[in-house]
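Order of listing sets the numbers, starting from 1, for every ligand and every atom in it. The analysis underlying the following values was restricted to heavy atoms, covering all of them including side chains, and did not include hydrogens, waters or symmetry mates.
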Amino acid sequence: MEGERLEDDRARFLIRYAGGFAPFVVARAEGAWIETTEGRRILDFTSGQICSTLGHNHPRIAAAVERALEEVVHLNSWMLSEPVLALAERLAALFPPPLEKVVLLNTGSEANEVALKLAKMHTGRFEIVGLTRSFHGLLSGIASVNFSMAHAGYGPLLPGAFALPAPYAYRCPVRHCDGTCDCTCLEVGFDLLDQESVGSLCAFVAEPVLSAGGIIVPPDGYFRRVRELLDERGMLLVMDEAQTGFGRLGTMFGFERDGIGPDLVGVSKTLGGGLPLAATITSSAIEQDCYDKGFLHVTSHVSDPLPASAGLAVLDVIAEEGLVERAAARGEYMLARLRELQAQHEPIGEVRGRGLLVGLELVEDRESRRPADALGAAVTRECYERGLSMNIVRSQQHANCFRIAPPLTVTEAEIDLAVEIMDASLRAVREPAAA
Ligand SMILES: Cc1ncc(COP(=O)(O)O)c(C=O)c1O
């Protein structure tokens with residue numbers, strides 16, 4: 001964590017890939033809890049890196065991995081195995097037609113990158129459009145349409161990347177709405193795009209809820225309008241369901257809410273339940289066209305059996321335990337508890353979210369809405385001290401929005417405990433003498 005020192009001297013052998021490290025070392029994890037080497041238990045309201053949606057170390061995932069270790073872990077990339085065939089079939093059945101062709105990959109960046117490669121090869125065009133405050137991964141191709149962070153310092157990005165203003169009603173990017181987005185930002189964005197394009201508009205990529213950008217929830221009907229605008233231009237829709245796929249928003253996929261059909265979908269984090277597993281899904285028509293044109297994405301770990309086995313266990317548990325419905329119910333409970341907290345704390349400017357992906361934005365005061373970055377850092381530290389891990393997302397120079405994303409298996413008692421810790425932490429930071 002920024003501003004805290006990790007005492008373990010062995011960290012000097014690590015490249016610091018994200019600022020600092022947490023000020024403790026983890027020994028084990030189970031369910032919604034992690035335990036440090038010093039025996040401290042911490043409630044993990046980030047689900048690891050938003051991957052452990054079944055909770056940490058789910059016994060069904062452990063059993064699937066053990067079975068794979070006995071059967072087959074890794075193969076030459078053109079050889080298929082039972083878990084890979086079974087997972088592709090299961091995924092194809094989960095998506096609405098015509099989405100029925102799957103490639104099994106490793107990370108979210110890779111799944112989105114593959115989606116864009118397929119989109120470019122299929123359309124023969126190269127211009128890709130994303131939203132400001134978006135995050136799709138940190139490999140250079142996909143990072144070209146990451147507009148929340150990570151552009152400066154790495155040299156040229158891909159040509160033909162465009163940003164449209166994100167539908168962020170609390171801080172309207174076109175200074176038009178307040179509280180409820182009426183999609184003016186989208187219309188303005190496409191007006192600009194049409195004037196900037198060199199006539200090679202290929203695809204639009206978006207998260208159903210912008211997560212790293214500050215839990216920005218597009219209004220109902222937003223993606224229906226996106227679909228119309230794309231169809232008018234012959235563009236493809238790519239949905240990045242890295243965080244939202246398989247139940248987190250209280251629906252199996254985030255795109256379901258608007259009843260639209262994407263052309264390509266990237267899923268990742270939540271599919272492996274903590275193991276590196278991702279997939280790109282598309283239609284037979286796009287797959288056939290790209291195959292005919294010589295599509296190539298053969299990597300060392302494409303179609304690996306071991307993570308596919310874990311993915312099958314994740315899908316089984318989600319279905320058997322009704323975790324999609326549970327995420328919807330627990331999400332409503334969490335939103336209600338956080339809105340009670342907001343009523344008691346002036347600096348909580350807005351609480352927003354869907355299902356179990358909730359943002360809590362801190363401001364200096366509700367009138368000015370100035371982002372309260374220092375308060376965010378202090379509350380994060382205080383929460384750690386009191387046994388709760390939550391992260392503040394950093395987007396466009398500010399870090400003032402908590403992203404709250406417990407496992408879908410979280411209990412109401414664990415949500416109550418987290419809210420209690422947040423309450424006590426906010427009080428301790430705002431009124432140190434009274435705490
Ligand atoms: C919405 C979204 N897409 C893509 C990615 C990239 O995934 P990965 O880190 O597995 O490459 C992330 C990672 O945080 C993400 O949140």
| message | I'd like the contact residues of ligand 1, where contact means a heavy atom below 4.0 Å. | response | Thr107, Gly108, Ser109, Asn112, Phe135, His136, Gly137, Glu207, Asp240, Ala242, Gln243, Lys269
| Do the two ring centres, one from Phe95 and one from Phe253, sit under 6.0 Å apart? | yes
| task | Verify whether one side chain among Thr36 and Arg41 offers a donor that lies under 3.5 Å from an acceptor in the other. | result | no
| request: Heavy atoms only: give me the nearest Tyr170-Val363 pair and the separation to one decimal. | output: OH-CG1, 3.6 Å
| query | Are side-chain N/O atoms of Glu127 and Ser197 paired as donor and acceptor at under 3.5 Å? | reply | yes
| request: For residues Ile34 and His56, report the shortest heavy-atom separation together with the two atoms involved. | output: CG2-NE2, 3.9 Å
| request: Not counting sequence neighbours, list each pair that qualifies as a side chain to side chain donor-acceptor pair (under 3.5 Å) and has a residue in residues 95-115. | output: Glu100-Ser284, Glu110-His297, Asn112-Asp240
